[in-house]
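These values consider heavy atoms only, across backbone and side chains, with no hydrogens, waters or symmetry-generated copies. Computed from a prediction, not measured in an experiment: that's the story for all the values here. Chain letters run A, B, ... following the sequence lines, proteins first, then strands; residues in each count from 1.
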Number of protein chains: 2
Amino acid sequence: MLSFTEENYLKSIIQLTIFDDDITEVGVNKLAENLGVKPATVSDMVRKLKDKGLVNYQRYGKVSLTKEGQLKGMLVVRRHRLWETFLQEKLGFNWDEVHELAEELEHIHSKKLIDRLDNFLDNPSFDPHGDAIPNAQGEIIIPYRKTLSEGEDGKSYKIVAVKDNSPEFLKYVNRLNLAIGDKVSVVSKESFDQSMTIHFKDENKVVTPKFSENVFVVCSHCNKAKECKC
Amino acid sequence: MLSFTEENYLKSIIQLTIFDDDITEVGVNKLAENLGVKPATVSDMVRKLKDKGLVNYQRYGKVSLTKEGQLKGMLVVRRHRLWETFLQEKLGFNWDEVHELAEELEHIHSKKLIDRLDNFLDNPSFDPHGDAIPNAQGEIIIPYRKTLSEGEDGKSYKIVAVKDNSPEFLKYVNRLNLAIGDKVSVVSKESFDQSMTIHFKDENKVVTPKFSENVFVVCSHCNKAKECKC
DNA sequence: TAATAAAGTTAGGCTAGACTAACTAATAAG
DNA sequence: CTTATTAGTTAGTCTAGCCTAACTTTATTA
Ligand SMILES: [Mn+2]
Ligand SMILES: [Mn+2]
Ligand SMILES: [Mn+2]
Ligand SMILES: [Mn+2]
């Protein structure tokens, strides 16, 4: 049975590799920063995880997940995202509140509990932030999405997810009166500073790249990001 | 913020004092046994809890809860019993499975979460084992109950709770085909070994004191344990 | 290619929460 | 009232997970 800490390491490695544009390995310093600990601490732990067969690693090398490490990590992600969904769907929490609570709930191990929760929620495919929920086998299908910042002038998009999950960002999205599923069209892009004018709900608004780079979209007509010929 | 361990100590002290026939203090050895650790460990921790103002204690003395310790402990009990209720009511777990899971869930602190859970469950008064659920202020009303072993010949009772919460005991109750809310009448008591013949669902069955001492009942007519004149 | 910077490791130390072994205080029995 | 028993404490040790400071390896850049 893995400790909270070990699970958080695996989850962090997943975020920095599998979930980050198909990079397959990550350095100790980056991992340390992501986990909010010092590199020295990660050095130790990563050796421990290697001894347990959860990561591939050798001195001065990069870290990646083994098959088993990935499975265990994905199950943490599964629990996290199912609890987030529960908190929003059943207890009425806002999408900017669920992450923090899920950080605790994700460490409750019972497979039976989590599979029943899944069922209770009608086997959701996505969490409140639009992120895919891994299945009970730890498999995940991440649909291809692009960021709003990649959008083209005049085209219409549907918001499917957000990259940044911080309460600050999510509350800003709330204030803009936008949510997952909403449609926005790109009016114009300013090449000087990457600011963008977008149109939604009968209004034009200017957003910074900090916003548009953190919003995932697909074509509002064909629901695709790649290979859209609309 | 209290650690898991500290919370477990407070909960344990509650169980051994407030919930155990109004005894008000408990010794280090008993506490150690209840927590599954050695007395030396408890000696240390109890001093720490005293320094934090959560227990009354002095060297070689007994341990009891301060006002604050009792409040904090009762909130753990509240969380425990609400999660047990959730697991049974919403996720369809059996009453013999919920305790173990609640042991983990009870340590998730968010007040907002637990109050919303309470609301989601329609503010239940009792958990799956018939135990009262403390309110958000840590107050609890424990109705007066007697054990089936105290029952009188020929009288009819309603099962309101169980004392032993172990899966073994609860599964035995299941096999007897009994549950909270069921009516049983006492046919006869054997003074030699305290065995009891009880009648329910058109059947007579003999039960040992190990059973009858762990089942709480009230009069099936007036719903009282004390002052019943039926 | 040599110097410098960045990345990563090691050694030693800290705290929480557990343990064992040896001790001391309180209580019960004779 | 003295002794034996039980209850409780202390000292020292261990592990997990963190830290800092000093060091080493790898990568970058002149
Ligand atoms: Mn999250
Ligand atoms: Mn999420
Ligand atoms: Mn319980
Ligand atoms: Mn219970």
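- Look at CG on N29(A): it is 17 Å from P on dA5(C), rounded to the nearest Å.
- The phosphate of dT10(C) (OP1 or OP2) has no side-chain N or O of S43(A) nearer than 4.0 angstrom.
- T41(B) has no side-chain polar atom (N or O) that falls below the 4.0 Å cut-off from OP1 or OP2 of dG17(C).
- For H99(B) and H80(B), the side-chain atoms include at least one donor-acceptor pair closer than 3.5 Å.
- Here the C1' atom of nucleotide dG8(C) and the CZ atom of R47(A) are 13 Å apart, to the nearest Å.
- Remark: the N34(A) side chain and the S12(A) side chain contain an N/O donor-acceptor pair separated by less than 3.5 Å.
- Atom CG in N8(A) sits about 10 Å away from atom P in dG17(D), given to the nearest Å.
- As a whole-Å value, the separation of K38(A) NZ from dT20(D) C1' is 9 Å.
- One interatomic measurement links the two molecules: NZ of K52(A) to C1' of dG17(D), which rounds to 13 Å at whole-angstrom precision.
- Toward the 5′ end of DNA chain C lies the nearest nucleotide of M45(B), the other residue of the pair M45(B) and A40(B) mapping further downstream.
- F120(A) carries K90(A) over the face of its six-membered ring, with the cationic atom under 6.0 Å from the centre and within 45° of the normal.
- Contact annotation for Y9(B): backbone-only contact, meaning every heavy-atom pair under 4.0 Å involves sugar-phosphate atoms and none involves a base.
- Ring pair F86(A)/F93(A): centre-to-centre distance not below 6.0 Å.
- Taking the side chain of V37(A) as heavy atoms from C-beta on, and the options dA18(C), dA7(C), dC18(D), the nearest nucleotide is dC18(D).
- Dashed line: the shortest gap from a side-chain N or O of S3(A) to OP1 or OP2 of dG17(D) is under 4.0 Å.
- As rounded to whole Å, 10 Å separates atom P of dA7(C) from atom CD of E33(A).
- Residue pairs meeting the side chain to side chain donor-acceptor pair (under 3.5 Å) criterion with at least one partner in residues 140-149 of chain A, sequence neighbours excluded, are T147(A)-S149(A), T147(A)-E150(A).
- Taking only side-chain atoms of R59(A), from C-beta outward, the nucleotide of dG17(C), dT10(C), dT26(D) with the closest atom is dT10(C).
- Atom CD in E25(A) sits about 14 Å away from atom C1' in dG8(C), given to the nearest Å.
- The distance between atom NZ of K62(A) and atom C1' of dA6(C), rounded to the nearest whole Å, is 10 Å.
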